[in-house]
Amino acid sequence: MTFPLLTVTAAVPAVGAVLTAAVPAKQRTAAKWLALLFSLATLALAVLVAVRFEPGGARYQLTESHAWIPDFGVRYELGVDGIGVALIALTALLIPFVIGAGWNDADPLETNSSRWRPTQGFFALILMVEAMVVISFEATDVFLFYVFFEAMLIPMYFLIGGFGDRAHAGTDENAAAQRSYAAVKFLLYNLVGGLIMLAAVIGLYVVAGNFSLQEITAARAAGTLDMATNTERLLFLGFFFAFAVKAPLWPLHTWLPNAMGEATAPVAVLITAVVDKVGTFAMLRFCLGLFPEASRWATPVILVLALISIVYGALLAVGQRDIKRLVAYASISHFGFIILGIFAMTSQGQSGATLYMVNHGLSTAALMLVAGFLISRRGSRLIADYGGVQKVAPVLAGTFLIGGLATLSLPGLAPFVSEFLVLVGTFARYPAVGIIATIGIVLAALYTLVLYQRTMTGPVKPEVRTLPDLRARELLVVAPLIVLLIGLGVYPKVLTDIVNPAVQYSLSDVKQTDPKPEVAVEAKNGEAVK
């Protein structure tokens, strides 16, 4: 029997969550170190998954398959392709930084309390989210995927509603009400999407007779599974709706600014850099793999929605007065680029979309965590309450600038490569769509540079004169992210080699090939021909 590496990779953070929650109430520091230890162990396992994965090998590798509910055709099936490997690595990489950045965020005000255990709960919930996200990237049984796709909402609900931002402007009662509203809105939006998806999952079983992604895609390719056109389109819409809520795609995005604004900065990173990636990943794996004809049919509408997300999110980011909500709306714009790349149906577009998932996770984590450090010092999320920070905290301002430049996809930083590939892939098939999408690039430069100018430059406001610069723990959290943003910007091949074979499989699912460029060449008689 082969070693169940994928199961162990998902199980380690789940075990860590249980053990962290069981730490005695007064042993808060022990709980933190235990959670960090398990997150680092998960990272080591994710690295092992990446090392053992062979980009030129089978589509799904390190597979596991066991009977789970045989009467209903449900199996415990796991497997990873290059896209899954990249996103598992991203998740496992970010969680230690999330834990390090939130080291003191959940400590109770009553330091001598022996009954109140928020610290243990906070870190246990983070590890539980990690476990559920990892197994979602591994699952090749549709029902198994659905279970964890929905289950991760519960720990996220408590992280948003129970551990809100202490820099909330207003009374404690008002802050609690806002946190509760954001958490409930997050849960309701995603539950509605999940319930619609459940109906589609049941419909898929009625049509296909099983939940195995590999069996269903193989049957579709061989022509042995006959799915009526209208049935396929209805099932596609059920799956896509749930993934579009999670992604989030306009107009299903409105829960994100509330959730990120009211959550602590590390939990905001967990939402947009980790959890939301499950939605875009699932579009590639399940929508395109299970419903190829419906994916092509829905492409024009989805491209329009993606364009609206890009421009609308960026415009709202420009007008924000709240730092965290600005990052949230910027993320909506970036997710529009990701979905645009997926449904451009080109190898460059889908490779760029996958890289965008990884690079957006790194850039948003860097920017949001530094913003969280800044907000915790000043006690305010409002942009107008800052000014001249770079003169009193130059390292903080410098890392904030690099995170912001990565967000606007500056050449030389990792997001530039992914955004460039998305636009090239989109131009190749839909030139008009690609032209409109470039508006998002201009607006990204505007909201990022204006944010930096208003907070970091200019006269030093009296309230920020005593702000301390980044401490050693905070530098340890941010510095590796900055290094990765620069490293992957200079040498993205380490990711593209893993991702590209999986993208080719995805394109073959939907029976698409890259459009051939029309290049004018000079004929022997001097006339230009194509």
Side-chain angles (χ1 to χ4, degrees), residues 94 97 101 257 260-261 265-266 268-269 272-273 310 313-337 356 358-378 380-420 440-458 464 467 469-470 474-475 477-490:
L94 289 181
F97 299 133
M260 289 185 65
V269 170
T272 190
I310 291 170
L315 282 172
L316 288 184
V318 170
Q320 286 303 305
R321 296 181 298 172
D322 183 310
I323 297 174
K324 291 169 70 176
R325 290 178 71 91
L326 185 152
V327 178
Y329 281 110
S331 292
I332 292 169
S333 181
H334 295 149
F335 275 103
F337 276 107
Y356 216 131
V358 176
N359 295 332
H360 170 263
L362 296 174
S363 62
T364 300
L367 181 60
M368 180 59 82
L369 292 179
V370 176
F373 298 148
L374 177 66
I375 291 167
S376 67
R377 285 159 164 74
R378 173 68 176 84
S380 173
R381 307 197 313 245
L382 298 179
I383 297 173
D385 289 340
Y386 296 89
V389 174
Q390 67 180 13
K391 296 177 182 178
V392 298
V395 177
L396 188 154
T399 52
F400 190 84
L401 177 61
I402 295 174
L405 294 176
T407 298
L408 64 81
S409 299
L410 183 77
L413 298 176
F416 169 76
V417 180
S418 45
E419 195 166 274
F420 177 78
I441 301 176
V442 178
L443 293 174
L446 179 61
Y447 63 68
T448 301
L449 296 178
V450 168
L451 172 64
Y452 184 83
Q453 179 190 33
R454 292 179 178 176
T455 56
M456 301 295 164
T457 65
V464 303
L467 289 187
D469 213 334
L470 291 183
E474 296 165 337
L475 272 174
V477 167
V478 177
L481 296 173
I482 300 299
V483 170
L484 285 170
L485 286 171
I486 297 172
L488 292 176
V490 175

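Just so you know, these numbers come straight off a predicted model, no measurement behind them. Throughout, numbering of the chain's residues begins at 1 and tracks the sequence.
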Review point. Between Y386 (side chain) and S380 (backbone), is there a donor-acceptor pair under 3.5 Å?
Key: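 It does hold such a pair.
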
Review point. Counting distance only, does the side-chain N/O of T272 pair as donor-acceptor with the main-chain N or O of V269 below 3.5 Å?
Key: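 No; judged by distance alone, with no hydrogens or angles, the pair does not exist.
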
Practice item. Could you check whether the rings of Y356 and H334 sit parallel, tilted or perpendicular, using 30° and 60° as the cut-offs? Key: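 The arrangement is tilted - the two ring planes meet at 30° to 60°.
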
Using a 4.5 Å cut-off on heavy atoms from C-beta on, say whether the side chain of [Y] contacts that of [X].
X	Y	answer
T364	S331	yes
L488	V417	no
T455	F400	yes
L485	N359	no

Review point. Is the count of non-hydrogen atoms from other residues, nucleotides or ligands lying under 6.0 Å from Y452 atom OH greater than 12?
Key: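 More than 12 heavy atoms, drawn from other residues, nucleotides or ligands, come within 6.0 Å of this atom.
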
Point to revise | Over 12 non-hydrogen atoms of neighbours within 6.0 angstrom of CZ in R378 | key: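 Yes.
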
**Study point:** side chain to side chain contact (heavy atoms under 4.5 Å, CB included) against T448, all qualifying residues, sequence neighbours excluded
**Key:**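 So T448 forms a side chain to side chain contact (heavy atoms under 4.5 Å, CB included) with T407, L408.
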
Practice item. Would you give the length of the straight line joining atom CE of M260 to atom CZ of R325, rounded to the nearest 0.5 angstrom? Key: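 So the CE of M260 and the CZ of R325 are separated by 10.5 Å.
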
Compare every heavy atom of [Y] with every heavy atom of [X], then report the nearest pair and how far apart it is.
X	Y	result
A314	Y447	O-CD2, 3.7 Å
G387	V464	O-CG2, 3.3 Å
L316	Y329	CD1-CE2, 3.3 Å

Exercise for review: Show your reasoning for whether side-chain contact (heavy atoms from CB on, under 4.5 Å) applies to L481 and L369.
Suggested key: CA-CA 10 Å; L481 296 173; L369 292 179; 4.2 Å; yes

Review point. D322: what forms a salt bridge (Lys or Arg N to Asp or Glu O under 4.0 Å) with it, not counting sequence neighbours?
Key: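 Checked D322 against salt bridge (Lys or Arg N to Asp or Glu O under 4.0 Å); matches are R381.
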
Practice item. Please name all residues satisfying side-chain hydrogen bond (donor to acceptor under 3.5 Å, both in side chains) with R377, sequence neighbours left out, ordered by chain then number. Key: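 Partners of R377 under the side-chain hydrogen bond (donor to acceptor under 3.5 Å, both in side chains) test: E474.
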
Exercise for review: Go through the steps for V389 and L396 under the test side-chain contact (heavy atoms from CB on, under 4.5 Å), then give the verdict.
Suggested key: CA-CA 8 Å; V389 174; L396 188 154; 4.3 Å; yes

